[in-house]
Each structure stands twice: as structure tokens, then as C-alpha cells.
Novice: 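Once you've had a glance at the structure underneath, I'll fire off some questions.
Chain A is the first sequence line, chain B the second, and so forth, proteins listed ahead of strands; every chain is numbered from 1.
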Number of protein chains: 2
Amino acid sequence: MGDTCVTATTSDEGAAVPVTIRDVARASGVHISTVSRTFSAPHLVNPETRVRVLACAEDLGYRPNRAARALITGRTHNIGLIIADIANPFFPPLIKAAESQARHRDYHVFVADTNEDPTAEEELVHALAKQVDGVLLCSPRMSNSLIEQLSREVPLVVVNRQVTGLPCVLMDVGQGARSAIEHLVGLGHRSIALLGGPRSSWTNREMRRAAGAAARAGGAELTMLGPNAPTEVGGSAVAEQVRRSGVSAVLAYNDLMAIGLIEGLDALGVRVPQEVSVVGVDDITLSRLTRPKLTTVATPTGAAGRTAVDMLLQQDIESPRGARGSGAGTALGVRRTTAQVMLQTDLVIRDSTGPGPYARPARPLAAPRGPGPHCPAGPGIPTAATGDAVAS
Amino acid sequence: MGDTCVTATTSDEGAAVPVTIRDVARASGVHISTVSRTFSAPHLVNPETRVRVLACAEDLGYRPNRAARALITGRTHNIGLIIADIANPFFPPLIKAAESQARHRDYHVFVADTNEDPTAEEELVHALAKQVDGVLLCSPRMSNSLIEQLSREVPLVVVNRQVTGLPCVLMDVGQGARSAIEHLVGLGHRSIALLGGPRSSWTNREMRRAAGAAARAGGAELTMLGPNAPTEVGGSAVAEQVRRSGVSAVLAYNDLMAIGLIEGLDALGVRVPQEVSVVGVDDITLSRLTRPKLTTVATPTGAAGRTAVDMLLQQDIESPRGARGSGAGTALGVRRTTAQVMLQTDLVIRDSTGPGPYARPARPLAAPRGPGPHCPAGPGIPTAATGDAVAS
DNA sequence: TACTTCATTGCAAACCTTTGCAGCACCACG
DNA sequence: CGTGGTGCTGCAAAGGTTTGCAATGAAGTA
């Protein structure tokens, strides 16, 4: 085992004797149903008995078995959160917001990472299906039809993807891409590259569409580069290609790629923003820490997490899953309400964009460092919509 | 709802009719037990029947209910992973390694974030207890005694904390802190600060101990600063204090704090490493992206994740939890094997450390930028021990 | 006093699956 | 022909909980 130091000891330890509702019933001299009610419907049991039962439960260290409860009620009070890549700093704020929102409603969140792998996504939905009351699918890479199919197995809310008939939380990256392109055109750039992300990404398609339109409108030429891995190395890998293409500005699929690209250009001796301007998307905290600080399209990730949880729980509550009456009954479809909410994005101008070759020298060659003229006050907090606005 | 755009539609959709083993049995004309065996013990059922059952199952879209199965077998094939802060880039590599290792052994991983909150930690262990076969506790903030108590409820493996009697995966931050101090002393620093992390962190205590000893041995004075939040803002918040203290070098609890500190010093006009040298711990990817690149103690996070999963599964397999015989039987303790493994750390020298006031001018004042003289080849890949070495 | 109402509790079925045991048919062997 | 074995299947209990229904007793009402 080489360098690793291992010490091992064997010990007799109190085995995990699972204490059940039955033990508590025996100890407190009541029927198990009374114990059950003490926990799940306290108003139905005599205060005296209640305290006695609670005391015994406390004493024995009893904890209700949520799995067994779920078997009957059909509600686990868990929600699943499937994430394309935990290592992408875009997601943690979303995860935390979702967890906090869920906690307020007495739900727990189980996060799972798919490594951007569609197969893992599908498998995880199946694995989670019976253990959670619903699943949040964040930036899924699988096909729309598969998502629809899976949604029949477990309630789904999709984030960063539009699937008709399913509740979706979207961020207006179209608007964001447009603002970015307009910003660049305004700075005097006429030859711009769009650094694409994963092919199966909805965000990617939206950006292409919107950026293309905005470039046409602004009289600029837009070169599409990609698809690429949405990571730092994905960005640095195309630095050479960017240089050869001769563009003076780049809009990247996300901040990670933008940062990677800047690194790559730096290694090639290309200066940002003096020779090439770079814009990212997401406004991850990292984008404030690199030099130059990154101009980027801020996405309201926290609001997205909260909204998604709200939508899931709302949809979930109105149609309990474990319909008691089995077989013979009406197998009619449930009238289900689906909503799509679109959250605003905001361009945050920092130091990675500067004047391009066609910049009007109206003002005496503004210093490329420092906040651009458009820069709003402060670090650019997006006007994130609060997540509680879900139409019925 | 202000800026948010919401569209809502109502649709009739196929309800999630849960198809059970019974439906499959009816459809294929066999008893439910045969269906069960088709999935969990295929060799016991006639090949012909098997294909028929499988066809029906496929047809009906049957998926075994893992929760119900767990109720009987006592095994969920899930493992829980409780993380102090998902947003800390230290954790994602650990999470991914754990997930990959678990997947190889046909387990799923549920991640939960506690926001560095001990209460949330305890609550999550309880919530997970019956839904997983074991829990990995990463950098826990609760007390040792509480951890021991919880370990009676569900098998636990602790990462980044030493708890006697429990399996632990540790990283040798003591050694790391020593190397860092020796590195600084060697550069001619005699007045060094230790930027502490959370008070309840085992790593924090280890670092204090080891750094203190190393400083004494090297004839340097060590100032303890903290406790602080183990984040970027936690680091930048003490920049002023660091400047006032007059030290020429700082060892930070982790990279995030180190980076925050550098930011803060930069804002104060203090240059790193010319005026103050800074060393971090963890070697997160970010530490290669900031300027100056961070000198840091690399911790083998991936190996830690893999090892922890291995230890949990090993401990788990040898003592199945759902002991069939209930009450009357022997309530003796199970003979349980616990091991502690210590993984190596490695100092990676980059650009945030330079000569101190007592540097020997042996060589003509080396340029402070660029890799230091000790820098090994490449980006400093730590010689991480592979995680499969767990003694029994 | 007789009847209704209410609060509290017990009973037992149900949720979905696994699994020890037993039954059955069939074959081979002596 | 009897015996034993084998391969497959069914039966029913078990796992921990919830919940509709019924039973009990007490209090209130006429």
C-alpha cells in the first residue's frame, strides 16, 4: 500500500438494533396504531398517552422508518436533484437554494451527479423514482422524448431546458446572448465568435439562435465554434482556433469556458481584452477572481433552484401518487398543471471586454481596464425574480 | 412577479400508474414470487418463464420498488454523502470519485449539503439513516460524541476527522502544514501567520499543532489568526489584520481562504509574494487559475472518496443490518472492524511564495515571479495513494 | 333513563417485495 | 416399482408503517 498509513482495530460495539414502532408500543402499553398516530396525527391521541409514548420513543431512540411510511403514504418527503456536473461552479448556488427551499417545506434533497452522461441521467431517474416524490432535472443531456417518457414514472421539473408539457424553469439566455453581442458591437467589434457548448444543451441552441440574430442586426459576422466540453479545458482547447479565426471578440457558452479560453490565449501571447474581448455566461464567483475579471451574463441560479422546488411541490401536492384504490378503478389521466417560467438574465460588464477595431474614437480611447461605461452599480446583482410566482 | 415570464397550460396526461410485481405476475400468468425471482435470482426460474416474465415486465414498464425491497433485505444499495459545503471546490472531486467507485459496486450515492451547520448534519443523518446502507460524513462539524452516537443508527465512515472506534479517512495535513512551514522558513520567513478555519474542524486542530511544532523547530514565530469561515470572504476579511500583524508569510486553512486573502491584500496594496507570501491547502483547480498561482498543499481528495466508499461497503457487507430474528435473540454486539487510513499530502510550489526578509542572498536575489527553485516538474500532481488499500 | 355525540383506542388490511418451505412433476437408478 | 434427487413453482409470512372502521366509554341532551 505504499505511502498510505493504515491502522486497524476490532471492537465490540452495540449493534444497530433497529427499534420499531412495535417496541415503543410494547414499552408504553398501547397499540402500535396509537404510536403511529402520536407521530403522524398527534391531535388524535390523548395528551397524556402522547407524552408517555413520546417519552418511551425518546428513551428507546425510536425513529420512524421513512421508507416504510412511504410505502403506504406514497410520499417520501424527499426530492431528487440531478445535476450534469457538480464540479461546475454554476450549480452549487442552485443546489443550495433548492435545499433551503425544500427544507422550509419539510423536504430533503438528494443530489446526484451525472458527469454530463445521458445514460447516467436515465439510470439515476429510475433509481430515484421510488425513493423521492419528484425529481429536478438540471441541464439534462438526454433527449426530450426520453424526458417525457421518464416523467410518467416520477414527477419531473426541468431546469435549463424546454420540454413541452412539462414544468420548466428557464433562464433567458437568449436575452443574455443578445445583450452580450450588442455590448460587443457597441464596443466596435464586427467579427465575433460564439464558443458553443454541448450539442444537446438547450441553452446552447438558444444562444446560437439569439446571438446569430443579434449579430445580423448589428451588422457583425458571427462564427460558430463547437460543440465543446463546457469546462475550462474545453475553453483553452480552442484558443488556437480562436486566434486563427481572426475574430476580435468571443462569447463563450459559460464562464468556465471563457476563463479557459483566456488562459489559452494568454499562453499564446494573445492579450485579453486588448486584442480579443471575451464574454462568459453564468457569473460564477470565480469570474470575479480571475484576471482580467470576466464580463459575463449573470444567470439567476438561486431563483431557479427555489422556483423549481416550488413548482415540483405544488404539482406534487395536488395529486398524491399512492392512489389507494388499485386495479379496477378509473385509470383516467390526472389533470395536471404545468407551467414554464422564464427568469431574467443580466449582463455584468467587467474587464475582459474592451474596444474593438471599429470602435468610434468619439471619446479619447477609453482605458480598456476598469468598469465599462455600461457597468451598473455594484457587482451586478441580477434582478432575480423571486421564485414564488408560479401560475396555476 | 415583475420580470418573470410565466406561461401555464393544463393538460390531461397519463397518470403515473404504479405497476407492481403483481401486475406482471397477472400478465404473465405466474405467481408473484416467480416474478420476484426473475429479477433477484434468475437462475432459479425456468428460462422460458423468465423470458415471458421479462417481456411482460418490459411491456408494462415495471420497475422494482427499491424501497419495498429494502424493507425486507435491509439493503437499499444507496449510500449517503454528507458534505459541509458543496460550493467549496474541495469537495466535488471527492464526490465524483465516491460516486464512480460506488457505481462500480452497484450503489448509488445521495449527496446532501449542510452549509457547515452541525444541526443540519445531525438531521440529515437521521433522514438518510433508513434510506441508505451507510453514510460518508465529510469534514463534519458536530461533536465526536454525537458522531459516535449516530454511528449506532447507521454505519458511518468519517472523512477528515478522527473519531476513535469509527472508520476514518484522513489526509495528512499535519505533514502538509509542516512542509509548508519548512518551505517558508527555507525562503527566509521568520514571522508567519496561520489563518485558522472553523473551530470544530479536525483539520484545523491538526494544522495548528503541526505548524506550531514546525515553526518552533525552524526558529520562526507563528501567529494564530482565527477561527474564520473557510471561504473566500473569510480570507479577504482578515487581510487588514494580516497586514497589521507584520508577518511576512501566511499559511491559510484552505485555498479558498488563501485566494480571498490575496484578493484582500491586493486591495490594500500589499503585493503577493513580494511583500507577503501565501500558502493554501487543498490544491483546488482554482488555485492554478488565480494570479499569482497559488502555492498549496495538495490533498488527495479523489483517493479519499474512493477509500471511504470502499471502507463503508466492506464494513457493511460483513454485517447485514436487517437481522431477521427479532426480539428474543441475542442482542450481543457485532464484532466490527474499523480502520483508519491516512492519505499523503504534497506541497506544490507555485508563485504565491517568495523570499522572505531573512533570505540568504546566496544566489543573486531570485526573481520572485515564476516557479520557485523547489518546483517539481509539471503542475505538481500529488503522489496520491490509491484508495484500495484498506486493512481488515 | 335512553339516546346521541365525541374522544380515544384497538383491529386488521394494505403497501411491495423477498424468501424459507413445501409441493409437484419428472427422471434416473437400483 | 420404490426411492431419491432435481428443477421449477406456489404459498404465506415477514418487514415497519398508515388508516378506515369498529369498539369502548364518558359526557351531553332530551
Novice: Look at the side chain of B/Thr49 and decide which nucleotide, out of C/dT9, D/dC8, C/dC15, has an atom nearest to it.
Specialist: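 Minimum distance to the B/Thr49 side chain belongs to D/dC8.
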Novice: Is there a side-chain contact between A/Glu99 and A/Leu81, using heavy atoms and a 4.5 Å cut-off?
Specialist: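 No, every pair of side-chain atoms sits at 4.5 Å or beyond.
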Novice: For residues B/Ile79 and B/Leu313, determine if any side-chain heavy atom of one lies less than 4.5 Å from a side-chain heavy atom of the other.
Specialist: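 Contact flag for B/Ile79/B/Leu313 side chains = yes.
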Novice: Indicate whether OP1 or OP2 belonging to C/dG10 is found under 4.0 Å from a side-chain N or O atom of A/Thr34.
Specialist: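 For C/dG10, OP1/OP2 do have a side-chain N/O of A/Thr34 under 4.0 Å.
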Novice: Rounded to whole angstroms, how far apart are CD1 on B/Ile32 and P on C/dC15?
Specialist: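 About 11 Å, once rounded to whole Å.
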Novice: Is A/Ser36 near enough to D/dG16 that one of its side-chain N or O atoms lies under 4.0 angstrom from OP1 or OP2?
Specialist: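 No.
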Novice: Using whole Å, report how far CD of B/Gln131 lies from C1' of D/dG16.
Specialist: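 Distance check: B/Gln131 CD to D/dG16 C1' gives 14 Å.
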Novice: When you get a sec, tell me which of D/dG10, C/dT9, D/dT18 is the closest nucleotide to the side chain of B/Val30?
Specialist: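 Output: D/dG10.
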Novice: Considering every strand and a 4.0 Å limit on heavy-atom distances, what is the contact class for B/Ser33: base, sugar-phosphate, or nothing?
Specialist: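 The answer is base, as B/Ser33 lies within the cut-off (heavy atoms under 4.0 Å) of a base atom.
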Novice: Let me know the distance between NZ of B/Lys130 and C1' of D/dG15, rounded to the nearest Å.
Specialist: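 About 12 Å, once rounded to whole Å.
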Novice: Which nucleotide in the set C/dT18, C/dC16, D/dG15 lies at the smallest distance from any side-chain heavy atom of B/Arg69?
Specialist: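 Ranking C/dT18, C/dC16, D/dG15 by closest atom to the B/Arg69 side chain puts C/dT18 first.
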Novice: Quick one: which protein N/O atoms are closer than 3.5 Å to N/O atoms of nucleotides 21-27 of chain D? Pair and distance per line, please.
Specialist:
none

Novice: Closest nucleotide of DNA chain C for A/Ala68 versus for A/Leu44: which of these residues is on the 5' side?
Specialist: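 On the 5' side of the pair lies A/Leu44.
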Novice: Given B/Leu156, which of B/Cys168, B/Pro167, B/Pro140, B/Ser151 fulfils the side chain to side chain contact (heavy atoms under 4.5 Å, CB included) condition?
Specialist: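 So, applying the side chain to side chain contact (heavy atoms under 4.5 Å, CB included) to B/Leu156 and each of B/Cys168, B/Pro167, B/Pro140, B/Ser151, only B/Ser151 qualifies.
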Novice: Is a side-chain N or O of B/Arg52 found less than 3.5 angstrom from the main chain of B/Ser28, in a donor-acceptor match?
Specialist: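 Judged by distance alone, yes, a pair lies under 3.5 Å.
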Novice: Rounded to whole Å, how long is the line connecting atom CD1 of A/Ile72 with atom P of D/dG15?
Specialist: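 A/Ile72 atom CD1 is separated from D/dG15 atom P by 16 Å.
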Novice: Answer yes or no: is there a donor N or O on one side and an acceptor on the other, between the side chain of B/Thr38 and the main chain of B/Thr34, under 3.5 Å?
Specialist: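 Checked: pair present.
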Novice: Decide yes or no for B/Arg66 and B/His108: does some side-chain heavy atom of the first lie under 4.5 Å from some side-chain heavy atom of the second?
Specialist: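 A side-chain contact under 4.5 Å exists here.
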Novice: Whole Å only: how far is the CD1 atom of A/Ile21 from the P atom of C/dG10?
Specialist: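 From A/Ile21 CD1 to C/dG10 P: 12 Å.
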Novice: I'd like to know if A/Asp113 pairs up with B/Lys96 as an ion pair, taking the criterion as any Lys NZ or Arg NE/NH1/NH2 lying under 4.0 Å from an Asp or Glu carboxylate oxygen.
Specialist: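 The answer is yes: the pair qualifies as a salt bridge.
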Novice: What is the separation between atom CG on A/Leu71 and atom C1' on D/dA14, rounded to the nearest whole Å?
Specialist: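 One finds 13 Å between C1' of D/dA14 and CG of A/Leu71, rounded.
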Novice: Is there a donor-acceptor pair closer than 3.5 Å between any side-chain N or O of B/Ser40 and the backbone N or O of B/Ser36?
Specialist: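 Side chain of B/Ser40 to backbone of B/Ser36, a donor-acceptor pair under 3.5 Å: yes, one is there.
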Novice: A/Arg26 CZ to D/dG16 C1': how many Å, rounded?
Specialist: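 So the CZ-C1' distance, A/Arg26 to D/dG16, works out to 13 Å.
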Novice: Rounding to 10°, can you tell me the angle the first-five-pair axis of the helix from C/dT1-D/dA30 to C/dG30-D/dC1 makes with its last-five-pair axis?
Specialist: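 End-to-end axis angle: 60°.
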Novice: What pair of heavy atoms forms the shortest contact from B/Leu124 to B/Ala112, and how long is it?
Specialist: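 Minimum heavy-atom contact is CD1-CB, 3.7 Å.
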Novice: Heavy-atom contacts under 4.0 Å between residues 54-66 of chain B and DNA chain C, which residues?
Specialist: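 Of all residues in residues 54-66 of chain B, the ones placing a heavy atom under 4.0 Å from DNA chain C are B/Tyr62, B/Arg63, B/Pro64, B/Asn65.
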Novice: Any side-chain heavy-atom pair from B/Arg26 and B/Ile32 closer than 4.5 angstrom?
Specialist: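 Of all side-chain heavy-atom pairs linking B/Ile32 with B/Arg26, none is under 4.5 Å.
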Novice: Side chains of A/Gln131 and A/Asn78 only: does a donor on one sit below 3.5 Å from an acceptor on the other?
Specialist: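 Short answer, no.
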Novice: How many whole angstroms separate atom CZ of A/Arg75 from atom P of D/dG16?
Specialist: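 Spelled out: CZ on A/Arg75 to P on D/dG16 is 24 Å.
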Novice: Any donor and acceptor pair, going by atom type alone, linking the side chain of A/Asp133 with main-chain N or O of A/His77 inside 3.5 Å?
Specialist: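 Judged by distance alone, yes, a pair lies under 3.5 Å.
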Novice: Is there a side-chain contact between A/Thr20 and the phosphate of D/dG15, meaning an N or O under 4.0 Å from OP1 or OP2?
Specialist: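 A/Thr20 to D/dG15 OP1/OP2: no side-chain N or O under 4.0 Å.
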Novice: Choose from C/dG10, D/dT9, C/dT18 the nucleotide whose nearest atom is closest to any side-chain atom of A/His31.
Specialist: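 The closest nucleotide is C/dG10.
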